[in-house]
Asks: 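Please read through the structure below; I'll follow up with questions.
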Protein chains: 4
Amino acid sequence: MQRKILLTDCPDAKGLIATITNICAKHQLNIIKNNEFVDNNHGRFFMRTELEGIFNDETLLADLDSALPTGSHRRLVAAGRKRIVVMVTKEAHCLGDLLMKSTYGDMNIEICAVIGNYDVLQKLTEKFDIPFHLVSHESLSRPEHEAKIIDTINQYQPDYVVLAKYMRILTPDFVAEFQERIINIHHSFLPAFIGAQPYRQAYERGVKIIGATAHFVTNDLDEGPIVEQHVINVDHTYGADDMARAGRDVEKTVLTRALQQVIDEKVFVYGNRTVVFR
Amino acid sequence: MQRKILLTDCPDAKGLIATITNICAKHQLNIIKNNEFVDNNHGRFFMRTELEGIFNDETLLADLDSALPTGSHRRLVAAGRKRIVVMVTKEAHCLGDLLMKSTYGDMNIEICAVIGNYDVLQKLTEKFDIPFHLVSHESLSRPEHEAKIIDTINQYQPDYVVLAKYMRILTPDFVAEFQERIINIHHSFLPAFIGAQPYRQAYERGVKIIGATAHFVTNDLDEGPIVEQHVINVDHTYGADDMARAGRDVEKTVLTRALQQVIDEKVFVYGNRTVVFR
Amino acid sequence: MQRKILLTDCPDAKGLIATITNICAKHQLNIIKNNEFVDNNHGRFFMRTELEGIFNDETLLADLDSALPTGSHRRLVAAGRKRIVVMVTKEAHCLGDLLMKSTYGDMNIEICAVIGNYDVLQKLTEKFDIPFHLVSHESLSRPEHEAKIIDTINQYQPDYVVLAKYMRILTPDFVAEFQERIINIHHSFLPAFIGAQPYRQAYERGVKIIGATAHFVTNDLDEGPIVEQHVINVDHTYGADDMARAGRDVEKTVLTRALQQVIDEKVFVYGNRTVVFR
Amino acid sequence: MQRKILLTDCPDAKGLIATITNICAKHQLNIIKNNEFVDNNHGRFFMRTELEGIFNDETLLADLDSALPTGSHRRLVAAGRKRIVVMVTKEAHCLGDLLMKSTYGDMNIEICAVIGNYDVLQKLTEKFDIPFHLVSHESLSRPEHEAKIIDTINQYQPDYVVLAKYMRILTPDFVAEFQERIINIHHSFLPAFIGAQPYRQAYERGVKIIGATAHFVTNDLDEGPIVEQHVINVDHTYGADDMARAGRDVEKTVLTRALQQVIDEKVFVYGNRTVVFR
C-alpha cells in the first residue's frame, strides 16, 4: 500500500470530478482526501486527490490522459518526505527555523544541503550535520556564479529549492532550471515595498502593519505567485531596526508555513496566482 | 435552470465521491463547486455540491438514498436569499450590522422580523421598515414566554433564527423547535469566560486578547458547535468598558461572518463540532 | 472641574517632562493620564497630558510658551464629544457604522451633517434624523464643487471631516481649509494598491491578505499620515467581489478605530507619520 | 555615561510625574524614554523612566523614597544584556528559538545554562556551546528535585528563569525563590484549556482559534499574570496533532515576545495583572 497525490488542472468541463474519481475507482485506489476548485474567471479546474492503494502509474496516467480535455496537466507524486536545498546569504533566522523543524520532526523535509554566497552561516548549518557549500559570487560573472550553484544543487536532486533570505537576484536561466520549484521569502507584504530595505521604506512611510510574503520565484525576485502572507501590527515606537527585528519572526513563520503547503503538494500555480488547498 | 446545494454526510466508505458525482451526472446536473472532507477520527464523510440544471428533487434524492450507506443524511436546498428572524434584547450593534448588510446588499438575507424582550430596539428596526415584535418576558413563565416567541417566529417560517445579543437562556424545547437553525453570538472566545459579564471577567484576569464566538445553539447557551471565532489585542489601558466597546466590533463581525457561511449552506454540524467549507 | 487635553510637540530637549508637569502643577491641574514619545530620528518630543481642574487657558498657554523651546506647538482642547461632518458617495457601510455608533453611544461624536455628491445615502442618513446635503458635482468645475462643500461644512463648524468612502479627489485648497482635520478610509493596506479598484488589483495579484488604511488627508488622496491599518486573510476562493465584500467590514472597522483615536486627541501628525498614543 | 531604568509603582497621587522627573533632573539624569499608567480601578500609578547619565544609585533612591507616598516600590536596573536560565523537558521549539535569537543578536540575553529533567535537549543545547544540566526528577521527592534545580540555577545568578515547555508543576517554595522572575509559556489562550493536553481539548471542543499565553509564574502553573497572548485560526481540517504543530509556532513567538518585554524591563506585575509598556 502506497500513498500518492494526483494533481490535475485542466480547462473546466462538465463531469470532471466523476471522470477522475471513476478512474481512481477503476484502479482500486482509495481517495483519502479530495479538494477541487474552479476558477470561473479563467475557466480552469483544479483537483488534488490523495490516494492510497497499489499504483500502476503508467496506466493510471494514460487513462487520465485519454479522459481529460486538451490542455490538461496532471502529476502523480509520492506523499512523504521531500528533499530540500536551502540558499542563504547572511541572515540566520529562516535557516535556523528550517533546521530546527526538520531536525525535530515539525516538517517532513530532508535538508540535503545549504548553499551560501558567504560563509556566515556555515557554522550554524554544520551544527546540524548538514553540508554547507560556500559558492562565493566574488570575481565571478552572474552566469558563472549561478552555473556553480546549479551544479551544486543538482548533486542533491532536491524536490524544492528554498531561498531563506538569499539576497541576490536570480537570472531567468536559473529560474527556468527549477521551474515552480523555488520558494522565496520576501520581507514585505507584497506588492508593497518592493526592492531594497523594505523595513526602512515601511518606517519612512509610517505604516502600522508590516509583513512578509512567501512566493514561487519567477523572473522577478519580488514578483511570482504568492503562497502565504502574514502581517503584524507596529506603531510609532518602532524604528526601522525594530520593524526588521519583529519582521524576522514573521518572515520565518511565513516561509515555513508556505513550504509546508508546498511539500504537502497542496499548491497549484497558474499565471501569477496560486490555489492553496487545505 | 436552477441552482441548488446538495449536502451529504454519511459514514465514510470507498467511492463516495464517484457515487455522488455519477448520480449528479446521470441527472444532467452540472457541478459548479464541490467540497469534501473526511473526519478520520469519527469515520464520517461530508460533501457539499453546488449544482446547476433542471432538478427532479424526488428522483435525485431517491437515487442518493439507494446508493449511500446506512446512517447517511442528505439535504437539497435552493441557493439564494434566506429568511431570517432576529432575536434581541437591548444592545444595538449586531442588529444594526445585520440591518445594514441586508439593506445594502452585503448579505443575501431577508430579515422577516425582529423579536425583542424589551422595546429598546423597536425604533431602530422600524427605521428599516421591518416588523418588530415586543414579546416581554415579564409576568410570564419561561415556557409561556417561549411559546409566544415560537408562535411569532413561526408566522414567518424563517430558514434561520439569529440571536443578536438575546440575553436570555433558551429551554431545550425551544432549541428542539429550531434544531441546528439557531445561531448565537457569544461575547467571548469560548470556552473562556462562559457566563455573565465576560468582559469583566477578562479584565479581572488581565488577558491580552478578547474575542467573540458565533455558534449554533444547543441546550447550553454558551456551548454548541462553533462556526466562527475572532479576537483582537487589548492591553493594560483597557478597562472592562473599553474591552466591551472594542468587543462589540468583534461580535458583530463574527456573527455576520458566521451567518454568511450558514446561509451559503457551507456549514455541517456533527456532535459539538462543525465543518465549514470555503 | 473641567477636563482638557494638552498636546505638546517640540524639538527634544532635556527636562521637558518636568517643565510641562511643573507648569501643570503650578496651575493646580491634576494629570489624569500622560503619554510621551521622543522620535530620536527627528529629534522631536511629543506629549499628551489629560488634565483635570479649573483652567485659565490663556495663562497656562503663556507659561508653556515661555518655557518651551523655539519650534514648539501646543494645543489645549476640551475632552468630550466632537462634532463631525461626514462626506460620502454611494457606499453605505462606513456611514452606517458611524450612524450606529454615534446613535447608540459607542462613539462620542455628534454627526452634524452628511454631505453626498449623490443622493444614494440620503434615505439612510435621514433615518437617523441627521441632515443630508446633496452637493452634486455635475456641471460644476472642481473648485466650484468644493466651494459649495466647504460652505456646507462651515455651517456646522465641525472638529473633523470624515471621508466615509467619498470617491473624489480633493484639491490642495480643500485640504488646506481643514488642515489635519480630514480623515479618509482607503480600501487597501497602503502603500499597496494605490488608485482605482484596489480589490481588482489585489485579486489579479493573487494576494493572500487584503486590508484597509485610515489616514489624514494631505494633497494626495492615497497618501497622508496613516492612523490605523488592518488586514484579513483571503484565499484563492475569493473573487474580486468577495474581496470587496470582506474588505468592507475591514474598512468600517479601521475607519471607526482611527476616528476614535482622533476624537480622543491621541494622534499627532508630523511629516508623513503619526504618533498614536494609547 | 550609563543607561538605567527606573521602575516606580505607588499609590496614585497628585504630582507624581513632576516629583519623579524633578528628582531625575536634580541628579542631572537625562530622560530617554518615559511611560506612565494609572490604574484607576486600583488607584495605582506606574512609571518606567529610561535614564542616561552618571548615577549615584544610593542618593537617587533615597531622594525617591523620601518623596514618594507610603506603599511605593521603586527599582533601578541597568539597561542591557540579561542573564537567563532556561528550563525544559522534551520539546525543542521554544529552546531552539531562544538559542537562535541569543546567538544571532535578536535578543539581548545570555543563556547561562539550560536545565532539563530529561536529556533529550542536551545535544541541541551543546551545539550552541551552552552548558546543559540534567536534573532528573526520578526517584526524588518534589522538594528534593526542586532543591537541586534551585542550586543549579543559583550557580548562575540569572536575572530571569524561562520555562520553555518545562512540563512539571512547581511548588510555592520554588516560585517564592524567584519571585516575579519566572516566565512560562502555556500552550493555550488562557484561561481556556487549563491543564493537560490543551490541543486535544481544543480539538474536541471544535474551536476555530488556538493560541498561547506567556505569563509570570505564581503558585498555579496555568495562572499568573499574563504578559503576552497570540492566536491563529484553525479549521475542521486540523486534527489535534495539526493544532499542536501550528501551536508550536505560536508558542515560541509568544514566549520570545514576552521575554523581550521582560528583559527590556517594560513589565510591571500587580496582583494577577500586568502593565506592559511599549
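Letters A, B, ... mirror the listed sequences (proteins, then strands); counts begin at 1. Every heavy atom of this structure was used, including side-chain atoms; hydrogens, water molecules and symmetry mates were not. For clarity, every value in this text was computed on a predicted model and none was experimentally measured.
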Asks: Please look at C:Asn233 and chain D and tell me whether the side chain, the backbone, both or neither of the residue comes under 4.5 angstrom of a heavy atom of that chain.
Replies: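 Only the side chain of C:Asn233 comes within 4.5 Å of chain D.
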
Asks: Strictly less than 4.5 Å between heavy atoms, which residues of residues 7-35 of chain D line up against chain C? Please order them by number.
Replies: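 Only D:Lys14, D:Ile17, D:Ala18, D:Thr21, D:Asn22, D:Asn30, D:Ile31, D:Ile32, D:Asn34, D:Asn35 of residues 7-35 of chain D have a heavy atom under 4.5 Å from chain C.
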
Asks: Taking ring-ring contact (aromatic ring centres under 6.0 Å, His included) as the test, write out the residues that go with D:His93, two or more places apart.
Replies: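 Once residues adjacent in sequence are excluded, D:His93 has no partner under the ring-ring contact (aromatic ring centres under 6.0 Å, His included) criterion.
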
Asks: Taking non-hydrogen atoms and a cut-off under 4.5 angstrom, which of residues 63-79 of chain D neighbour chain C?
Replies: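 Residues qualifying by a heavy atom under 4.5 Å from chain C are absent, so none.
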
Asks: According to the ring pair (Phe, Tyr, Trp, His ring centres under 6.0 Å) rule, which pairs have a member within residues 253-272 of chain D, sequence neighbours left out?
Replies: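 Checked against ring pair (Phe, Tyr, Trp, His ring centres under 6.0 Å) - neighbours excluded - the pairs reaching residues 253-272 of chain D are D:His42-D:Tyr270, D:Phe46-D:Phe268, D:Phe46-D:Tyr270, D:Phe268-D:Phe277.
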
